[in-house]
Every structure is written in structure tokens, then in C-alpha cells.
Amino acid sequence: MFRVVAASSTSPASTAFACQFPRFHPSRMRRTARLSSGRRPEAPASSSSSLEPGEAPGGPSPPAVRVFARKKKRSGEAVRAEQKQPKVEPLLSRKPSELPDIEEFAYKNPNGSAFPGHSKQNSNVIVQVNGVVSQVRPKGAPPSNWEKVLEGIRMMRSSEDAPVDSMGCEKAGSSLPPKERRFAVLVSSLLSSQTKDHVTHGKYSAVQRLLQNDVLTADAIDKADEESIRSLIYPVGFYTRKASNLKKIATICLAKYDGDIPSSLEELLQLPGIGPKMAHLVMNIAWDNVHGICVDTHVHRICNRLGWVSRPGRKKTSTPEETREALQLWLPKEEWVPINPLLVGFGQTICTPLRPRCDKCGVNELCPSAFKETMLKKKS
DNA sequence: GTCCAGTTCT
DNA sequence: AGAACAGGAC
């Protein structure tokens, strides 16, 4: 990434940009341009804390960064309204170590709030650093074309048949009373994680065996011995640990929640074997109470390939939890639940972890990673 | 042999 | 960050 942001142009394009981000008003741009063209005022030459790759310690001045923006029509009224926004602290009054990277720099509105709404107008600022043109997206701003991409994936998913479509913990215990149904959803999520879905669901599944043997309630599992639970859920992945966790969960649910499951994210996360992915899934499915996106490795991988998530200073997120937080910043809440089965199925059939089928993908023209991971790994 | 996939442990 | 957990698919 790059630290110093400056503009040397007062073209109409940059003026339009400045209207979006009032810190970039041309008058300000001229001042900040000086920042990049010479030494940074107050910058101790030995300070390497803010140096980025490509910058030599105490070396030449940081690269000049030219900022452009997509041209777009704006009514005079809208422009005037935005110009009335309160002034912000000039960059010059900041210490170099406090200079934000471009993501943070661009996304703050003068009033400090994140971007309002989810319109495309805030997406994809194009910057040039040392001759390399790249797109950056202000933190929390929706990626451009995300709606087209989502629609394109929906199209692919409507014709493809992914394993996630036929099975899923959504259906678990749908004929049971509410409390039993919720417990069944929790158990079903636990069993189906890290395993092939047909093993845990379907007519002769682990969940069905528990149900048919009357051990799909907290009370019954608490009374049953671990060995019989283990044999009933076999051969789901990690059945030994899951049987053990199931017993502990049943005991906790019985003691603390009257045989029901916890109704808050925090309490769900206290259960053994329940991490963030399943806690959000259970909140969404069992309680119909959406607190966050259920991010599994498919959602994590695909969102990064699409360039939908990042963390300041980096192009990608490194954990599903980071992905969840970054995604939640801009994805409209009505998509929080459907995004999981959508991307899981897409990830099982087309956007696979290894050698994704970019040639079969209907959104490859909108994907920054298309055809970039098709090479075979070299043996070392 | 390698991959899958979420959590916990190191 | 990487291993361990299970066992099936390829």
C-alpha cells in the first residue's frame, strides 16, 4: 500500500472526486501535493514506522499519487449541498505517522461517518503509484458492480446443482415444536460442519438416526452415554470430538437454558465446538435473529477473490472473522443470510478452492482474480 | 499422496 | 501460523 495521498490535477474529474470526498477539494489538493513532492514536514528522516515497501529508509520522497475518479453527473444542488459540509482538519496539521493510508483517508466523511447508503458512486477510486494504476476502495464502501456480481452468481446457481442445495441445517427438525426444532438446528449445524452434507442429512443421515432413536433433545443426549452418541453419529467427520461436545452442550443447555439453546451470540460461543461460523448460522436459522453473516471458508475465499473485502493496508482479509466484519460494513442486511448458501454452492461447483473454473464462471469479467489461480502449483 | 473444513489447541 | 481431528474422494 501507500501512505501519502496527493493529487496534482484540478481537472473536472478530480473536482468531481473532491465533491465526493471534500478533503480532496482542489484547494486542499494543491496543499497536499506539496506534501508528496518534497520532504514531509516534521518527518524524522530515521522514522521507518510509516515506510511502505518500495520506500527506502531516509531515501527519496514518497511516490506521488495521482487520483482520478469516475465522471458522473451531479446536480448543482447536490454539489452545493456537499460543499456546505463542515471543514475537516487539514492534512498538514497531522504528523506523518498519523497520515492514514488511502483507504482510511478516503472513506471518512467530514463528519467522521462512514459512507451512507450503498450506492455505487463511492466505489473504486483509481490511483496511480509509481506508474502502476490500481483500484482502491474506501473502507466500508460497497465494491463496484457488486449487485451485478451477485445477480450473476444467482444465475449460475439456479442452473447448477450444488450439494448445499439439497441438504442443509435449515431443514433440520422442521416438523418439531420450536424448542426441539432449535435444538435440532444446533445439533445439525454441529454435525454437518466439516463433513459431506449427505452424511449428516437426508433419509439415512446422522441427524435422522438421532431423531429416530429419540436422542435429539438436550434431555435425551444428556442421559445417553457418549459411546452410543458416537456410534449414532458415525461416520460424520470428527465424530469422537463431536460426540463429546454434544454431551457437554446438552448438559449446559439443560442446566442453564431449560433444555433450549442459548439465544444470544455470546452464549452460543461459550458452547464447546461452537465458533463464530456456527454461532451466526444458529442465530440466523434457529432464532431468525440476524446478528452477522455466517462466513465459512467458501464465503471467505470468494469474497477475497472478488475483492469484496480487505483490511487497511492489505488487499485481502486473512481470517473468516475479518471477512465477516469487512463484508458487514457494506453488504445490505437483507443479503446477510442468503449470501451464505449462495456462495457456498458457488464455491462447491465453480469457484472452487483449487483450480477454480473461471472459464465456466458467468462473472469472470467482473472478477479481479479471474484466471489468476489456474496455474498448477509447482512442486518444490 | 492431497484435499476437504471449523474449531481448538499449541 | 500451524497442527490436530476422521475418513472418503480422487
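Proteins come first, then strands; the chains are lettered A, B, ... in the order of their sequence lines, and each starts at number 1.
Within the nucleic acid shown, P353(A) comes within 4.0 Å of sugar-phosphate atoms alone, with no base atom in reach, counting heavy atoms only. The residue D296(A) sits close only to the backbone: its heavy atoms come under 4.0 Å of sugar-phosphate atoms, none of a base.
K316(A) has its NZ atom 16 Å from the P atom of dA1(C), to the nearest Å. What separates CD1 of I274(A) from P of dT8(B) is a distance of 8 Å, to the nearest Å. Atom CG of L268(A) is separated from atom C1' of dG6(B) by 15 Å (rounded to the nearest Å). dC10(C) atom P lies 14 Å from atom CD of Q348(A), rounded to whole Å. Atom P of nucleotide dG6(B) and atom CG of N245(A) are separated by 16 Å, given to the nearest angstrom. What separates CZ of R355(A) from C1' of dA9(C) is a distance of 14 Å, to the nearest Å. Atom C1' of nucleotide dC4(B) and atom NE2 of H298(A) are separated by 8 Å, given to the nearest angstrom. Taking atom NZ of residue K277(A) and atom P of nucleotide dT8(B), one finds them 13 Å apart after rounding to whole Å.
If you take CE on M278(A) and CG on D296(A), they are separated by 12.0 Å, rounding to the nearest 0.5 Å.
Linking ILVMFWY residues whenever their side-chain heavy atoms come closer than 4.5 Å, directly or via other members, leaves F238(A) and L210(A) in distinct clusters.
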Name each donor-acceptor pair under 3.5 Å that joins a side chain in residues 247-254 of chain A to protein atoms two or more places apart or in another chain, with its distance.
| residue | atom | partner | partner atom | Å |
| --- | --- | --- | --- | --- |
| K247(A) | NZ | I221(A) | O | 3.3 |
| K247(A) | NZ | D222(A) | O | 2.8 |
| K247(A) | NZ | A224(A) | O | 2.3 |
| T251(A) | OG1 | D222(A) | OD1 | 2.8 |
| T251(A) | OG1 | K247(A) | O | 2.9 |

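E151(A) has no carboxylate O lying under 4.0 Å from a charged side-chain N of K148(A), or vice versa, which leaves the two without a salt bridge.
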Between the protein and nucleotides 5-8 of chain C, are there any N/O to N/O pairs under 3.5 Å, and if so, what are the atom names and distances?
| residue | atom | partner | partner atom | Å |
| --- | --- | --- | --- | --- |
| dA6(C) | OP1 | T240(A) | OG1 | 3.3 |
| dA6(C) | O4' | F238(A) | N | 3.3 |
| dG7(C) | OP1 | Y239(A) | OH | 2.5 |

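Taking the P atoms as reference points, dT7(B) lies 23 Å from dG8(C), given to the whole Å.
Within the structure, side-chain hydrogen bond (donor to acceptor under 3.5 Å, both in side chains) contacts touching residues 269-280 of chain A (residues at least two apart or in different chains) do not occur.
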Next item on the list: Determine, step by step, whether S205(A) and Q208(A) satisfy the side chain to side chain donor-acceptor pair (under 3.5 Å) criterion, reporting the C-alpha distance in whole Å, the side-chain angles of both residues, the deciding distance to 0.1 Å, and the verdict.
Entry: CA-CA 5 Å; S205(A) 69; Q208(A) 282 299 311; 5.0 Å; no
Note to self: Show, in sequence, the C-alpha distance, side-chain angles and deciding distance for I233(A) and R209(A), and conclude whether the side-chain contact (heavy atoms from CB on, under 4.5 Å) test is met.
What the structure shows: CA-CA 7 Å; I233(A) 64 175; R209(A) 283 194 298 278; 5.7 Å; no
